There are 2 protein chains.
Amino acid sequence: MTGELTLEQSGDESIDYGPLSNSLGFLLRIAQLRNFDQFYSRLGDSGLRPGEFSVMWLIYLNPGIRQGQLGRILSIKPAHMTKVVRRLEDLGRLERRIPEEDRRSVRLSLTDKGRHFVQAHEADFFGEDSYHNHGLTQKETETFIRLLRKYGGFTA
Amino acid sequence: MTGELTLEQSGDESIDYGPLSNSLGFLLRIAQLRNFDQFYSRLGDSGLRPGEFSVMWLIYLNPGIRQGQLGRILSIKPAHMTKVVRRLEDLGRLERRIPEEDRRSVRLSLTDKGRHFVQAHEADFFGEDSYHNHGLTQKETETFIRLLRKYGGFTA
DNA sequence: TATTGTTATACTCTATAACTATA
DNA sequence: TATAGTTATAGAGTATAACAATA
């Protein structure tokens, strides 16, 4: 719900952007807003937040992952991670387990309810990436993904 | 300061991302974090915030722009726009003017101090976009910009 | 001593609704 | 009635520092 009509509004005079219109920071923000709009129109009704599905998804694929490692992967700081995990625990979607091998750490896994939630919304979440749902062609989408990965230093 | 070591940490086990590693939302977030890191390492000392330079820049190029139009362009909601403008006014960087033609509206322009600030940090801000400062080649950068603009529906 | 996670706190950004003043 | 901007309030995300438990 961040407004798809950000640009080219009715009564507004046209303005000069200068190099801002080719600035990566500016364009990344616009692209992310567009992506959020997609997310909310697909998954907003479920009460899910943009970052929350990624958390559940990685626990889904990697049950028993340590909270700290998950936070580092998603660039979520430890203090915030505690809140995110507690919320999902309160919703009955994940379980915390203190392992014997290192009793300082917390290992996370989904409950049955959490797994069902992920399975129920998987298609909607990843459907955003389909080239049918944004202006890019399939080939452009592949290039876009490759460049986003390279720019972000993401090699996994 | 969002951590350049997000991925590939020392003691962490490697994990399975599944299709998340090619998800646009996920990759856009990583790319934006990387961009913020660049921003803070270049402009953090000036006390500037990521969105704030864009606001000043557009006023710099379009003196007298209306506050509402500026907000729509940058997807900043009216309520937040008031705060942003007030802060810049308190810092002595911009001036608000109520025009005779429509006394409900506010027209914004930079003060001398604001213009000098923009000129002093312009090179640092736009320098982030140089292909020397991220892993992409010049050609890849051009493609990246084109695809970001297309994905975001930005035509200006 | 170092590490894992928690608590407490604060600030930014965002979102909404009620309000004013002007049109 | 509608529009431009303001005020007030709340929530989400992020940042830091101090802390407890464990290694």
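Not measured: the values here are computed from a predicted model.
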- Look at the side-chain N and O atoms of A:K77 and state whether any lies under 4.0 Å from the OP1 or OP2 oxygen of D:dA15. yes
- Message: Does A:R103 contact D:dT22 through a side-chain donor or acceptor facing the base, at a distance under 3.5 Å?
- Response: no
- Taking atom P of C:dT16 as reference, at what distance in whole Å does atom CE of B:M81 sit? 18 Å
- Query: Base, sugar-phosphate, or nothing: which does B:R96 touch, judged by heavy atoms less than 4.0 Å apart?
  - Reply: sugar-phosphate
- Query: Taking only N and O in the side chain of A:Q67, is any of them less than 4.0 Å away from OP1 or OP2 of C:dT6?
  - Reply: yes
- Of D:dT7, C:dG5, C:dA8, the nucleotide closest to the side chain of A:A79 is C:dA8
- Query: So, does the side chain of A:K83 form a donor-acceptor pair with the base of C:dT7 at under 3.5 Å?
  - Reply: no
- Item | Member of B:T137, B:T141, B:L136 meeting the side chain to side chain contact (heavy atoms under 4.5 Å, CB included) criterion with B:K139 | B:T137
- Task: Determine the contact category for A:R29: base if any of its heavy atoms lies under 4.0 Å from a base atom, sugar-phosphate if only primed atoms, P, OP1 or OP2 are that close, otherwise nothing.
- Result: sugar-phosphate
- Task: Please say which of B:F117, B:F53, B:Y40, B:Y60 ends up in a ring pair (Phe, Tyr, Trp, His ring centres under 6.0 Å) with B:F125.
- Result: B:F53
- Toward the 5' end of DNA chain D, which comes first, A:D102 or B:P78, by nearest nucleotide? B:P78
- Task: Starting from P on D:dT14, measure out to CD on A:E52 and report it in whole angstrom.
- Result: 12 Å
- Message: Counting only side-chain nitrogens and oxygens, does A:T82 get under 4.0 Å of the OP1 or OP2 atom of C:dT6?
- Response: yes
- Message: Any side-chain N or O of A:R86 below 4.0 angstrom from OP1/OP2 of C:dT7?
- Response: yes
- Atom pair distance, as rounded to whole Å: CD in B:Q32 and C1' in D:dT14: 13 Å
- For the pair B:D90 and B:R87, find out whether any cationic side-chain nitrogen is under 4.0 Å from an anionic carboxylate oxygen. no
- Query: Within this structure, what is the CD1-to-P distance between A:I76 and D:dA12, rounded to whole angstrom?
  - Reply: 15 Å
- Item | Given D:dG5, C:dA23, C:dC13, the nucleotide with the shortest approach to the side chain of B:H80 | C:dC13
- Query: Does A:R104 put a side-chain nitrogen or oxygen below 4.0 Å from OP1 or OP2 of D:dC19?
  - Reply: no
- Query: Separation of B:L74 atom CG from C:dC13 atom P, in whole Å?
  - Reply: 12 Å
- Task: In whole angstrom, give the distance that lies between atom CZ of A:R49 and atom P of D:dG11.
- Result: 11 Å
- Note on the structure: From CD1 of A:I65 across to C1' of C:dT4 the rounded distance in Å is 15 Å
- Tell me, do A:W57 and B:F26 make a side-chain contact under 4.5 Å, heavy atoms counted? no
- Would you say the side-chain atoms of B:R93 pair up with the backbone N or O of B:V118, donor to acceptor, closer than 3.5 Å? no
- What is the distance from CD of A:E100 to P of C:dT4, rounded to the nearest Å? 18 Å
